[in-house]
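The structure under discussion appears below in the form of structure tokens.
Please read these numbers as outputs of a predicted model, since none were measured by experiment.
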Amino acid sequence: MARARQWLLADGAANVVKPWDKKGFRLPGGNVQSPPSWQLFLGVGAALRGKTAGLYPAPAAIMESIYDGCHVDIDTGFKIENRQFARLAVSPQAQNMIRTLFYAIGDANKLIGRPQAVPVQAYRKIGVLGAGMMGAGIAHVSAEAGLDVILIDQSQAAAERGKSYSAKLLDKQVRQGRLTADKRDGILARITPTTSYDLLKDADIVIEAVFEARAVKAEVTRAAEGVLPPSAIFASNTSTLPITGLAEASQRPANFVGLHFFSPVDRMPLVEVIRGRETCEQTIARAMDFVKRIRKTPIVVNDGRAFYTSRVFGTYVYEGMALLNDGVHPALIERAGTNAGMPVGPLALMDEVSLDLMHKVMRQTEADLGAAYKAQPQDPVLIRMVEELKRLGRKSGGGFYDYAADGSKRLWPELATHFPRAKDQPSVGEVQKRLMYIQSIEASRALAENIVGARDADVGSILGWGFPAALGGVVSQVDTVGIARFVAECDRMAQLYGSRFLPPPNLRDHAVRGELLRAA
């Protein structure tokens, strides 16, 4: 420090004129209005638009600061940069992202909603029932977190394939230099593939990840509970079936909870903790402890068909199919989805989820509700694609898209034959509103039904299915648009496209009172 002070205070040292303050200074590489600099700035606007969809103003502000700042002296350039920063700091996007990405997700990771009277659960050994993609993923992240995993399937070969999923992921990390071979072997050693339920006798928690069929889930529930210690938790990874109904197969419904993971489990940070009618608060607390133990972010929701995330996320892909059924060009549907800030278009996303899964959910809901079931706008598309055309999505080689051997894809040319296009096509903005507003409408219904709180609703939408963070989440989108304007637009769309766009009473009440929906 003494030497630094001496250098700073030495004659002339603190008064050295910097190169950019000297008369006649020129930027390295030439003026920004001259080649090759102007060519960079010419193309960068389009590139930024492609990456941000126009939702995130910071990258554009950075480029503007550089371009404008290079036309003036450095002190004026700093003023330009400061003003850009001040504009961004008070922008809706910054407020939304700070509130949700920093405060809300931070609170979720701190388990703010955890029942406080329950001692923290320490986990050592878990069981996973079903070694398919979801079960294998749950086993992988649990083993990476240092837990012993019993991975059970109907055959030893199937269980071994589930373990090999972890081996592939870990081998890739070793090749990339992110993991040593010894650590890889240690993680794999924690996963025991088997067909025997007897190995669950000292497990702390068991998670079933079998087919979305009540009978199959009931069978594995009874088999696991036959050997589990009385204190163990039983969790279902179902994405749609109500936990209260699944818990009917359990001898200890107070210890039965939903843990809904997202695919691929190793990359998706969210876990939805679902409280059944008889799930006790101790089980909720211990389930949240497990989610934190495997380094995921939990949100807690109450029971109901499709809970929260699947219910609201489903509206995005369902509205995409409704648009297709209305004769909207599939390329317009897909582009509107990505332009609105969603990671992929609804039809491409449907192919990844698989059409037959959503078809099964539709038929299961139809069976459960009986005469009370009301046909939905997407039903004709699902029925035609699955039952008539046998196009089930990417896993079967084709759905709304065709998939080439090199991994590329293109929209299936025959879509126009089976879903004729209307002569008059809507604007991109109108399609965006249909795709985005329907998600917030359904989230508002979930708030009114006490399925989820506003904070967890926003967190779940961003971490669960990639809702644009610039909007703050599905609930904050309403406040960003302006609740009165949002309600008016929904009423307009309800007249044009159907009652699904009608705002629920709680949304209208907040609009009348001028209250923020996220404060609900």
- prompt: So, Asp153 side chain and Ala131 main chain: donor-acceptor pair closer than 3.5 Å or not?
  reply: yes
- request: Compare all side-chain heavy atoms of Leu507 with those of Phe486 and state whether any distance is below 4.5 angstrom.
  value: yes
message: Could you tell me if Glu212 and Thr240 have a donor-acceptor pair between their side chains, going purely by distance under 3.5 Å?
response: yes
message: Test side chain to side chain contact (heavy atoms under 4.5 Å, CB included) on Phe400 and Val381; report intermediate values, then the result.
response: CA-CA 10 Å; Phe400 295 113; Val381 179; 3.8 Å; yes
query: Can you find a pair of side-chain heavy atoms, one from Leu516 and one from His510, that are under 4.5 Å apart?
result: no
message: Within 45 degrees of the ring normal and closer than 6.0 Å to the centroid, is that where the cationic atom of Arg384 sits relative to Phe419?
response: yes
message: For a side chain to side chain contact (heavy atoms under 4.5 Å, CB included) check, start with the C-alpha distance between Leu463 and Met268, then their side-chain angles and the critical distance, and finish with the verdict.
response: CA-CA 7 Å; Leu463 297 186; Met268 296 298 284; over 6 Å; no
message: For the backbone of Ala249 and the side chain of Thr221, can you confirm whether one donor and one acceptor N or O come within less than 3.5 Å of each other?
response: no
task: Any pair with a residue in residues 347-393 that passes ring pair (Phe, Tyr, Trp, His ring centres under 6.0 Å), sequence neighbours left out, goes on the list, sorted by first then second residue, please.
output: none
field: Nearest heavy-atom neighbours spanning Tyr308 and Gly460
entry: CE2-CA, 4.4 Å
message: Tell me whether the NZ or CZ atom of Arg434 lies within the 45° cone about the ring axis of Tyr497 and under 6.0 Å from its centre.
response: yes
task: Give a yes or no on whether the backbone of Met385 and the side-chain of Glu387 come within a donor-acceptor separation of less than 3.5 Å.
output: no
message: Please determine whether side chain to side chain contact (heavy atoms under 4.5 Å, CB included) holds for the pair Tyr318 and Gln376, giving the CA-CA distance in whole Å, both sets of side-chain angles, and the decisive distance to 0.1 Å.
response: CA-CA 9 Å; Tyr318 288 156; Gln376 301 299 307; over 6 Å; no
- prompt: Would you call Lys433 and Glu430 a salt bridge, using N to O less than 4.0 angstrom?
  reply: no
message: Please find the pair of heavy atoms, one from Val128 and one from Ile126, that lie closest to each other, and give the distance.
response: CG2-CD1, 3.9 Å
- prompt: So does Arg513 have more than 12 non-hydrogen atoms from other groups sitting under 6.0 Å from CZ?
  reply: yes
- request: Evaluate whether atom CD of Gln495 has more than 12 neighbouring non-hydrogen atoms of other residues, nucleotides or ligands under 6.0 angstrom away.
  value: no
- line: Correct closest heavy-atom pair for Phe211 and Lys217 would be O-CE, 3.3 Å
statement: OG (Ser91) and CG (Asn96) are apart, to the nearest 0.5 Å, by 8.5 Å
task: Assess the side chains of Asn109 and Thr297: does a donor N or O sit below 3.5 Å from an acceptor N or O?
output: yes
task: Decide if atom CZ of Arg500 counts as having more than 12 heavy atoms of other residues, nucleotides or ligands within a radius under 6.0 Å.
output: yes
query: Just by modelled atom types, is the Met436 backbone N or O under 3.5 Å from a matching donor or acceptor in the Gln477 side chain?
result: yes
task: Evaluate whether atom CZ of Arg277 has more than 12 neighbouring non-hydrogen atoms of other residues, nucleotides or ligands under 6.0 angstrom away.
output: no
- prompt: Going through the checks in order, is the side-chain hydrogen bond (donor to acceptor under 3.5 Å, both in side chains) test met by Thr244 and Asp303?
  reply: CA-CA 7 Å; Thr244 301; Asp303 201 12; 2.6 Å; yes
task: Kindly indicate whether the side chain of Tyr56, heavy atoms from C-beta on, has any atom under 4.5 Å from the side chain of Leu48.
output: no
query: Looking at side-chain heavy atoms only, is the closest gap between Met321 and Pro346 below 4.5 Å?
result: no
message: The test is side chain to side chain contact (heavy atoms under 4.5 Å, CB included); show your working for Trp465 and Leu349 and say whether it passes.
response: CA-CA 10 Å; Trp465 66 89; Leu349 190 53; 5.8 Å; no
message: Test: ring pair (Phe, Tyr, Trp, His ring centres under 6.0 Å). Region: residues 267-299. Which pairs qualify, not counting sequence neighbours?
response: Tyr123-Phe290
- request: Classify the side-chain pair Arg394/Ser354 by whether it contains a donor and acceptor separated by less than 3.5 Å.
  value: no
message: So, taking the atom named CE in Met342 and the one named CD in Gln439, what distance separates them when rounded to the nearest 0.5 Å?
response: 4.5 Å
- prompt: Looking at the rings of Tyr437 and Phe501, which for Trp means the six-membered one, are their centres under 6.0 Å apart?
  reply: no
- line: Nearest heavy-atom approach of Ala254 to Thr283 is O-OG1, 2.7 Å
query: By ring-ring contact (aromatic ring centres under 6.0 Å, His included), which residues pair with Tyr67, not counting sequence neighbours?
result: Phe41, His71
query: Does Thr52 reach the main-chain N or O of Gly54 with its side chain, forming a donor-acceptor pair under 3.5 Å?
result: yes
task: Provide the closest heavy-atom pair for Ser239 versus Ser310 in the form atom of the first, atom of the second, distance.
output: O-OG, 2.7 Å
message: To the nearest 0.5 Å, what is the distance between CD1 on Ile299 and OG1 on Thr309?
response: 6.0 Å
- prompt: With a cut-off of 6.0 Å (strictly less than), are more than 12 heavy atoms of other residues, nucleotides or ligands near CD of Glu219?
  reply: no
message: Ser440 and side chain to side chain contact (heavy atoms under 4.5 Å, CB included): which single residue from Val478, Thr315, Leu471 fits?
response: Val478
CZ on Arg455 to CD1 on Ile112, rounded to 0.5 Å: 7.0 Å
query: Looking at Glu352 and Lys395, does any basic side-chain N land under 4.0 Å from a carboxylate oxygen?
result: no
query: Regarding Lys409 and the six-membered ring of Tyr403, is the cationic atom NZ or CZ under 6.0 Å from the ring centre and inside 45° of its axis?
result: no
task: Ignoring hydrogens and angles, tell me if any N or O in the side chain of Arg421 forms a donor-acceptor pair with the backbone of Gln425 under 3.5 Å.
output: no
field: Spacing of Asp356 atom CG and Leu382 atom CG [to the nearest 0.5 Å]
entry: 10.0 Å
- line: Output for pair (Arg286 CZ, Asp289 CG), nearest 0.5 Å, gives 9.0 Å
- line: Nearest heavy-atom approach of Gly464 to Leu270 is CA-CD2, 3.7 Å
- prompt: So, Asp402 and Arg391, do they make that salt bridge, N to O below 4.0 Å?
  reply: yes
task: Ignoring hydrogens and angles, tell me if any N or O in the side chain of Thr100 forms a donor-acceptor pair with the backbone of Val459 under 3.5 Å.
output: no
- prompt: Can you check side-chain hydrogen bond (donor to acceptor under 3.5 Å, both in side chains) on Asn506 and Ser444, steps first, answer last?
  reply: CA-CA 7 Å; Asn506 66 318; Ser444 301; 5.2 Å; no
message: Can you confirm whether Arg83 is buried at CZ, in the sense that more than 12 heavy atoms of other residues, nucleotides or ligands lie under 6.0 Å from that atom?
response: no
message: Using only atom types and a distance under 3.5 Å, with no angle test, would you say the side chain of Glu208 pairs donor to acceptor with the backbone of Val206?
response: no
message: Quick check against the 3.5 Å criterion: does Thr365 have a side-chain atom that pairs as donor or acceptor with the backbone of Val361?
response: yes
- request: Scan side-chain atoms only and decide if Asp368 and Gln364 contain a donor-acceptor pair under the 3.5 Å cut-off.
  value: yes
- prompt: Is a side-chain N or O of Asp458 found less than 3.5 angstrom from the main chain of Val475, in a donor-acceptor match?
  reply: yes
- request: Would you mind telling me which of Arg485, Arg99, Arg518 makes a salt bridge (charged side-chain N to carboxylate O under 4.0 Å, His left out) with Asp479?
  value: Arg518
